[in-house]
Amino acid sequence: MFERIVQASEAYRQGADRMTGSLRMALKGCPECRTTQMIASPSLGICDDCGTNLVVVPNE
């Protein structure tokens with residue numbers, strides 16, 4: 001886990017001079033309950049509260 005954090009940090013450092021905006025976390029959410037969560041896995045899953053399939057929340 002620590003090695004991956006170091007790799008991500010190094011990749012960010014190397015690309016910092018080419019970045020023009022800020023990073024935004026990717027969010028998933030329930031269209032029924034309007035809850036949101038950070039996307040942290042390849043599968044979006046289902047809402048814990050109502051069982052609806054989660055969808056990607058567009059950046060606004």
Side-chain angles (χ1 to χ4, degrees):
M1 175 91 170
F2 180 74
E3 291 176 9
R4 289 189 181 189
I5 294 170
V6 171
Q7 288 174 343
S9 176
E10 180 61 18
Y12 183 82
R13 186 189 67 76
Q14 289 179 10
D17 61 333
R18 294 184 301 257
M19 290 186 168
T20 58
S22 62
L23 294 175
R24 295 182 186 169
M25 73 175 109
L27 297 176
K28 61 184 176 181
C30 176
E32 299 295 322
C33 300
R34 300 279 191 220
T35 58
T36 58
Q37 303 170 359
M38 184 175 69
I39 296 176
S41 66
S43 171
L44 295 177
I46 60 171
C47 179
D48 292 335
D49 295 331
C50 69
T52 302
N53 288 327
L54 299 174
V55 297
V56 175
V57 176
N59 287 332
E60 297 176 4

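This is a predicted model, so every value here is computed, not measured.
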Quiz: residues 29-58 side-chain donor-acceptor pairs under 3.5 angstrom, not counting sequence neighbours:
unit_1: Ser41; atom_1: OG; unit_2: Ser43; atom_2: O; d: 2.9

For this session: Write out all pairs satisfying side-chain hydrogen bond (donor to acceptor under 3.5 Å, both in side chains) with one or both partners inside residues 1-16, taking only residues at least two apart or from two chains.
Result: Glu10-Arg13, Glu10-Gln14
Problem set entry | ILVMFWY cluster membership beyond Met1 - transitive side-chain contacts under 4.5 angstrom | Ile5
